[in-house]
Amino acid sequence: MFTLFHLKNSKPVTAAEHDALCRVLDDYARTPAGVWLANLPYHRFTYKYCPAMADSDVMGCWLPMYETTVFLRPCDVPGPDSVTWIETIAASVIHELRHAWQFKRAPLLYILACLPMIRDLTIERDAKQITEKADKIVENVLAWRQGQAFERTRGTCENQSSR
């Protein structure tokens with residue numbers, strides 16, 4: 001079972017993973033749904049993998065005491081697929097960044113909204129709505145990027161631009 005005490009064993013994501021995640025977040029921030037993200041310095045956040053999350057259903061975690069750190073579930077298969085993994089869980093990262101934004105906007109109100117009975121009706125409801133929209137946007141962004149990469153390998157983009 002994942003607890004906050006497991007966070008101390010977390011390891012930072014690689015530079016390549018951080019860059020890939022920030023590219024997805026940049027694309028999301030340029031959409032109407034992601035405009036709120038412009039007020040949060042997410043490029044300066046630290047993103048860490050918490051091994052204890054692998055044995056739970058928790059995908060991410062953000063806490064006020066770690067104000068600029070988002071903890072994430074690690075990839076089951078380490079290696080070159082880790083960049084793909086961090087792009088895939090970008091919507092979970094957006095969910096956690098929403099909590100950071102909520103706290104930044106109204107710290108005292110956020111702490112009060114964390115009470116067990118109120119949490120699901122306030123901060124979690126807001127973050128879940130953001131995540132649902134983000135999921136679709138991130139999926140479209142990644143599909144678009146994948147299509148671009150495919151076109152580059154076939155040389156189709158260059159052929160069309162020379163016409």
Rounded to the nearest 0.5 Å, what separation is found between the [atom1] atom of [X] and the [atom2] atom of [Y]?
X: H6; Y: D55; atom1: NE2; atom2: CG; value: 8.5 Å
X: E17; Y: T84; atom1: CD; atom2: OG1; value: 10.0 Å
X: E139; Y: D135; atom1: CD; atom2: CG; value: 7.0 Å

>> Around atom CZ of R119, are there more than 12 heavy atoms from other residues, nucleotides or ligands closer than 6.0 Å?
In response: yes
Going by heavy atoms in the side chains, are [X] and [Y] under 4.5 Å from each other?
X: V93; Y: E96; result: no
X: L63; Y: F103; result: no
X: F45; Y: T69; result: no
X: K48; Y: L72; result: no
X: H99; Y: E124; result: yes
X: V138; Y: I94; result: yes

Nearest heavy-atom pair of [X] and [Y]: which atoms, and what distance?
X: H43; Y: D26; result: NE2-OD1, 2.7 Å
X: C22; Y: Y42; result: O-CE1, 4.3 Å
X: V24; Y: A90; result: CG1-CB, 3.7 Å
X: P74; Y: P51; result: CG-CA, 3.9 Å
X: L97; Y: L40; result: O-CD2, 3.4 Å
X: A127; Y: Q102; result: N-NE2, 4.2 Å

Taking [X] for its side chain and [Y] for its backbone only, find out whether a donor-acceptor pair lies under 3.5 Å.
X: Y66; Y: C61; result: no
X: R125; Y: D120; result: no
X: K104; Y: N39; result: yes
X: R23; Y: E87; result: no

> With hydrophobic residues grouped by side-chain heavy-atom distances under 4.5 Å, do L115 and I123 end up in a single group?
Replying inline: no
>> With side chain to side chain contact (heavy atoms under 4.5 Å, CB included) as the criterion, how do Y28 and V35 come out once you've worked through the C-alpha distance, each side chain's angles and the decisive distance to 0.1 Å?
In response: CA-CA 8 Å; Y28 172 72; V35 102; over 6 Å; no
>> For the aromatic rings, using the six-membered ring if either is Trp, is the centroid distance between Y47 and F71 under 6.0 Å?
In response: no
>> Taking the ring centre of each residue, are W62 and Y110 less than 6.0 Å apart?
In response: yes
>> Determine whether M59 and I89 satisfy the following criterion, side chain to side chain contact (heavy atoms under 4.5 Å, CB included), listing intermediate values before the conclusion.
In response: CA-CA 8 Å; M59 292 299 288; I89 64 168; 3.5 Å; yes
> Is D27 paired with R30 through a side-chain N to carboxylate O contact shorter than 4.0 Å?
Replying inline: yes
> Is R98 salt-bridged to D126, cutoff N-O under 4.0 Å?
Replying inline: yes
>> E132 vs H95, test: side-chain hydrogen bond (donor to acceptor under 3.5 Å, both in side chains). Steps then yes/no.
In response: CA-CA 9 Å; E132 287 171 7; H95 178 101; over 6 Å; no
